[in-house]
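Structure, as structure tokens:
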Amino acid sequence: MDYNKLADLLYPTAVNTDVWENKYPKRELKTGAEVTRFAPSPTGSLHIGHFFQCLCDSYIAKSTGGLFFFRVEDTDKKREVEGSVDNAINTLEKFGIFYDEGVMKNGEEKGEYGPYLQSARTEIYRSYAKKLVASGRAYPCFCEKPENFEEVKEKRQEQLEENFALQQKDPCRDLSLEEVEQKLSQNKPFALRLKSLGDPEKSFKFKDEVKGEREIRENSKDIILIKSDGLPVYAFAHAVDDHLMRTTLVIRGEEWYPSLASHLELFDAMGFERVKYAHNPVISKIDENGGKRKISKRKDKEGNMAYFIETGYPVNSIKEYLLTLANSNFEIWRRQNPEKSLEEFEFKAEKITSSNPMFDFAKLNDISKTIISKMTAEEVYQELSRWASEFDKEFFEVISRDENYTKAVLNIDRETPKPRKDIAKMSDVKESVWGYMFNEYFKPEYELENANVENLKEVVATYTNIYNHADTKDEWFARIKEMSGGLGYAVDNKEFKANPEKFKGNVALVCEYIRIALTGRKNSPDLYSISQVLGENEVKRRFELLLKSI
Ligand code: GLU
């Protein structure tokens, strides 16, 4: 077979690959500097796993003095969701992840190694396709896809495209030049396949930056490289792009590991220097049936980065939490350096956890509550307004109406040596933490389980008459104690414990009643501060409201 002739027949206008090799020379970087990239497919909101990789990419590029670029892998037009690229860019921007090169908003790009949008690189792919054909390492396949291909593909996504119907050697492998010519003259569409030289009985050693050294079976599949619509599949585009964009370290999801042998064969067949790989674990969860599974964008809210943005988690809470999942030494570092900024952490690829981490909301919330508890009221206010102005316009109006009042609310039990840890995300402020401090959201719905309603009303009615808004904290408490004694509550807790039947309860119970009246709840932050911030009129209005409502 005259492979050069076959190559000319298939790709008559493709330019020589030297053009591209010269256009995208090796990058001049210091030894050890890693070039990493984030390369999502535009299929909707950013998946948490992708963001996780992206975080690793940017850290490694920065800590090695290398660079990090953003490529869009948009070769599967059927799966594309409009707006995904802008969404990804906005998410990265929001999370303070900056790339040195790549696709930007409004279709613009920065960097010398573009285009960074795969669909704009067909000319480049055609050159390398031609080169492979000319060297006898790829051939056209005119077979039609099985009828249920789309359905099956839905399930296993793009990887399947590389593998379908490859159990036997493809019949098109041995077509003669004349046969190819004839099919082309009938305008038959063709896909391009790799002519694999691998032997599935043989294996070779490979060092993955995360998994360590492994034994891998040789690829023997004639994977598809270019689909009949002229667009490349992942494997081919990955090899060509990461070669020409001079990537040194590919950090990607574990799901690509099974097809690694075919990617390596492709790099070798095209004469490319191999890149290093770090196959990241996939963030998983325990599903309804108790089994482990990968977090899904469709099924799980935490699968979407949009969820964290929309509910108002601070950027650093998410990053900090993901770093605990990513780098096995992060938590130790954090304990030793509680005040350092995340940027100072020295991220190491070899410390990426190799087993699949479980997503744990309780831990994320705990981390986030600690982070927010250390912020000043002013900082929380800024974070809250930023979030509310975008995601809860009505609440935004409420909190901005009297900025000082909102800051006073946020300052309760804050900026003290032991600040209260109760806000994990900005939507908590209205929904579960501070809603009652805003009159619009305070409803006469009281937590009354096990409460003696008559006693509660008696306490509130008495307290209304003696309440003095000018009291200092000590005076305020002394007044409550005095009232408690008068109404038959124990002021001394020891006495109460010794003879509980002699009393209606103790001072703590009296405070709980007042708390229920002011906040609707049995638990709340410091009651004195709450009264002070609410103001005299509102305190009295709430007492009246309780007496009227129950
Ligand atoms: N487009 C691929 C994905 O979305 C990228 C994998 C890679 O980083 O190489 O999973």
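By convention here, the first residue in the shown sequence is residue 1. Whatever order the structure lists them in is the order used to number ligands and atoms, beginning at 1.
- Around NZ of K110, the count of heavy atoms belonging to other residues, nucleotides or ligands within 6.0 Å exceeds 12.
- Ring geometry for H238 versus Y277: interplanar angle over 60°, hence perpendicular rather than tilted (30 to 60°).
- Among protein heavy atoms, the minimum distance from atom 7 (C) of ligand 1 is reached at Y234 OH, 3.3 Å.
- Note on ligand 1: S41 sits in its first shell, one or more heavy atoms being nearer than 4.0 Å.
- The closest protein non-hydrogen atom to atom 3 (C) of ligand 1 is H50 NE2, 3.5 Å.
- At a heavy-atom cutoff of 4.0 Å, ligand 1 is contacted by no atom of F38, backbone or side chain.
- Of the candidates Q53, R37, R79, R37 brings a heavy atom nearest to atom 8 (O) of ligand 1.
- Near E73, meaning under 4.0 Å from any of its heavy atoms, are these atoms of ligand 1: 1 (N), 2 (C), 5 (C).
- Ring pair F236/Y125 is tilted by interplanar angle, where 30° to 60° counts as tilted.
- A distance of 7.5 Å separates CD of E34 from CD1 of I60, quoted to the nearest 0.5 Å.
- By the 30° and 60° cut-offs, the orientation of the rings of F70 relative to Y99 is tilted.
- Considering backbone and side-chain atoms alike, E255 places every N or O at 3.5 Å or more from each N or O of ligand 1.
- Ring-plane geometry between F308 and F359 is classed as tilted, the angle between the planes lying from 30 to 60 degrees on a 0 to 90 degree scale.
- Contact annotation for H238 and ligand 1: no heavy atom of the residue comes within less than 4.0 Å of the ligand.
- In the vicinity of R252, heavy-atom distances shorter than 4.0 Å reach the ligand 1 atoms 7 (C), 8 (O), 9 (O).
- Between the side chains of T247 and D242, at least one donor N or O lies within less than 3.5 Å of an accepting N or O.
- Between A39 and ligand 1, an N or O atom pair is found at a separation short of 3.5 Å.
- Under a 4.0 Å criterion applied to the non-hydrogen atoms of W256, ligand 1 contributes the atoms 2 (C), 6 (C), 10 (O).
- V240 places a side-chain heavy atom less than 4.5 Å from the side chain of M270.
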